[in-house]
> 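Let me begin by handing over the structure; questions about it come next.
Numbers here are sequence positions counted from 1. Since this is a predicted model, take the numbers as computed values, not measurements.
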Amino acid sequence: ASPEPVNAQIPADLTVMVGYTSGSTGQPKTFPKLWRTVSGSNACNAKSIRAAISDKTAPVWLLATVPPQHMYGMELSVLLPLSGGGMAVHAGRPLFPADIAAALAELPRPRVLISTPVHLRAIVESPQEFPEVDVIVSATAPLDQALAAAVVGKLKGEMVEMFGSTETC
């Protein structure tokens with residue numbers, strides 16, 4: 001028998017995690033994350049991804065090249081699937097283009113690639129064949145228009161660029 005879903009009522013002002021900056025702009029700092037901001041950011045992420053998918057009710061399959069200890073990885077590969085919005089994440093953490101292609105091929109559609117400009121550049125420059133994706137999400141650094149166009153040309157998905165930081169979640 002399948003377990004019944006849990007409908008947890010989490011207080012909006014509860015600190016649910018603490019993010020840490022890398023210190024690239026000075027000393028590393030801690031940023032407590034309240035449930036209200038985490039859940040609000042998560043809802044915006046889900047809405048952006050769903051808006052780019054034609055079948056609004058289909059289960060969505062996510063593949064992240066970003067580790068969950070990074071705020072972007074935490075938001076999109078851990079919190080997003082837990083939100084109950086009909087999204088599931090691939091268990092692997094592919095790094096190289098061939099690994100990313102193999103992991104994408106394991107997922108049904110609609111599938112979403114959650115990545116960074118560094119990984120996306122490696123994908124574009126690789127001779128590796130890739131399965132089509134429905135959405136490509138990019139964050140962590142600015143994505144120039146030429147790279148975005150090349151990624152869309154290779155993967156055929158809609159590009160969604162997200163902005164954020166540990167400070168904002």
Side-chain angles (χ1 to χ4, degrees), residues 5 8 10 15-22 24 31-97 99-124 130-144 147-148 151-152 154-169:
I10 302 171
T15 299
V16 293
M17 68 178 158
V18 177
Y20 295 86
T21 63
S22 65
S24 61
F31 286 88
K33 302 297 178 186
L34 302 179
W35 178 245
R36 108 172 37 84
T37 56
V38 169
S39 62
S41 177
N42 203 38
C44 288
N45 292 337
K47 184 177 179 181
S48 293
I49 290 169
R50 281 272 176 207
I53 294 173
S54 58
D55 183 346
K56 304 300 184 208
T57 61
V60 176
W61 298 90
L62 310 170
L63 177 69
T65 66
V66 184
Q69 66 266 27
H70 188 282
M71 184 59 71
Y72 171 46
M74 171 61 75
E75 285 188 275
L76 274 74
S77 72
V78 176
L79 297 174
L80 194 59
L82 289 176
S83 70
M87 297 184 186
V89 68
H90 187 282
R93 291 288 174 232
L95 178 63
F96 299 109
D99 301 328
I100 295 167
L104 284 170
E106 294 174 358
L107 297 176
R109 293 183 78 181
R111 55 185 161 233
V112 177
L113 176 61
I114 298 163
S115 199
T116 69
V118 169
H119 283 126
L120 296 175
R121 185 168 309 285
I123 288 170
V124 168
F130 284 83
E132 289 185 10
V133 299
D134 298 277
V135 180
I136 305 123
V137 181
S138 179
T140 73
L143 179 67
D144 67 68
L147 178 56
V151 171
V152 168
K154 188 154 190 169
L155 300 179
K156 309 296 185 228
E158 182 171 328
M159 179 63 70
V160 175
E161 186 176 18
M162 295 185 175
F163 296 94
S165 62
T166 298
E167 293 84 350
T168 57
C169 190

> State, to 0.1 Å, how close Met87 and Ala46 come at their nearest heavy-atom pair, and which atoms those are.
CE-O, 3.9 Å
> Are His119 and Pro97 side-chain neighbours, meaning at least one heavy-atom pair lies under 4.5 Å?
no
> Within the distance-only criterion (no hydrogens, no angle test), does the side chain of Glu158 pair as donor or acceptor with the backbone N or O of Asp134 below 3.5 angstrom?
no
> Are the side chains of Ile114 and Leu63 in contact, using a 4.5 Å heavy-atom criterion?
no
> Could you go through the side-chain contact (heavy atoms from CB on, under 4.5 Å) check for Glu106 and His90 one step at a time?
CA-CA 9 Å; Glu106 294 174 358; His90 187 282; 2.5 Å; yes
> Which heavy atom in Ser138 sits nearest to a heavy atom in Met159, and how many Å separate them?
CB-SD, 4.2 Å
> Just checking Lys47: does its NZ atom have more than 12 heavy atoms from other residues, nucleotides or ligands closer to it than 6.0 angstrom?
no
> In the structure I gave you, are the side-chain heavy atoms of Lys156 and Val133 within less than 4.5 Å of one another anywhere?
no
> Looking only at heavy atoms, which two atoms of Ile49 and Met162 are closest? And how far apart?
CG1-CE, 4.4 Å
> Rounded to the nearest 0.5 Å, what's the gap from OG on Ser41 to CG on Leu80? Could you check?
9.5 Å
> Is a side-chain N or O of Lys154 found less than 3.5 angstrom from the main chain of Ile123, in a donor-acceptor match?
yes
> Let me see the working for Asp144 and Arg121 under salt bridge (charged side-chain N to carboxylate O under 4.0 Å, His left out), right down to the final yes or no.
CA-CA 11 Å; Asp144 67 68; Arg121 185 168 309 285; 3.4 Å; yes
> If you look at every heavy atom in Leu34 and Thr37, which pair is closest and at what distance?
O-OG1, 2.9 Å
> Please report the C-alpha distance between Leu76 and Leu62 in whole Å, then the side-chain angles of each, then the deciding distance to 0.1 Å, and finally whether the side-chain contact (heavy atoms from CB on, under 4.5 Å) criterion is met.
CA-CA 8 Å; Leu76 274 74; Leu62 310 170; 5.9 Å; no
> So which heavy atom on Leu107 is nearest to which on Arg111, and how close?
O-NH1, 2.5 Å
> For a side-chain contact (heavy atoms from CB on, under 4.5 Å) check, start with the C-alpha distance between Val38 and Met17, then their side-chain angles and the critical distance, and finish with the verdict.
CA-CA 9 Å; Val38 169; Met17 68 178 158; 3.7 Å; yes
> Would you kindly say whether Thr65 and Ser115 are connected by a side-chain donor-acceptor distance under 3.5 Å?
yes
> Could you check if a side-chain atom of Ile100 sits within less than 4.5 angstrom of a side-chain atom of Leu113, using non-hydrogen atoms only?
yes
> Show the numbers, then the answer: is there a side-chain contact (heavy atoms from CB on, under 4.5 Å) between Val112 and Ile136?
CA-CA 6 Å; Val112 177; Ile136 305 123; over 6 Å; no
> Between the side chain of Arg109 and the main-chain N/O of Trp61, is any donor-acceptor distance below 3.5 Å?
no
> Which heavy atom of Pro142 sits nearest to which heavy atom of Pro117, and what is that distance?
O-CG, 3.7 Å
> Within the side chain of Lys33, is there an N or O that forms a donor-acceptor pair under 3.5 Å with the backbone of Thr15?
no
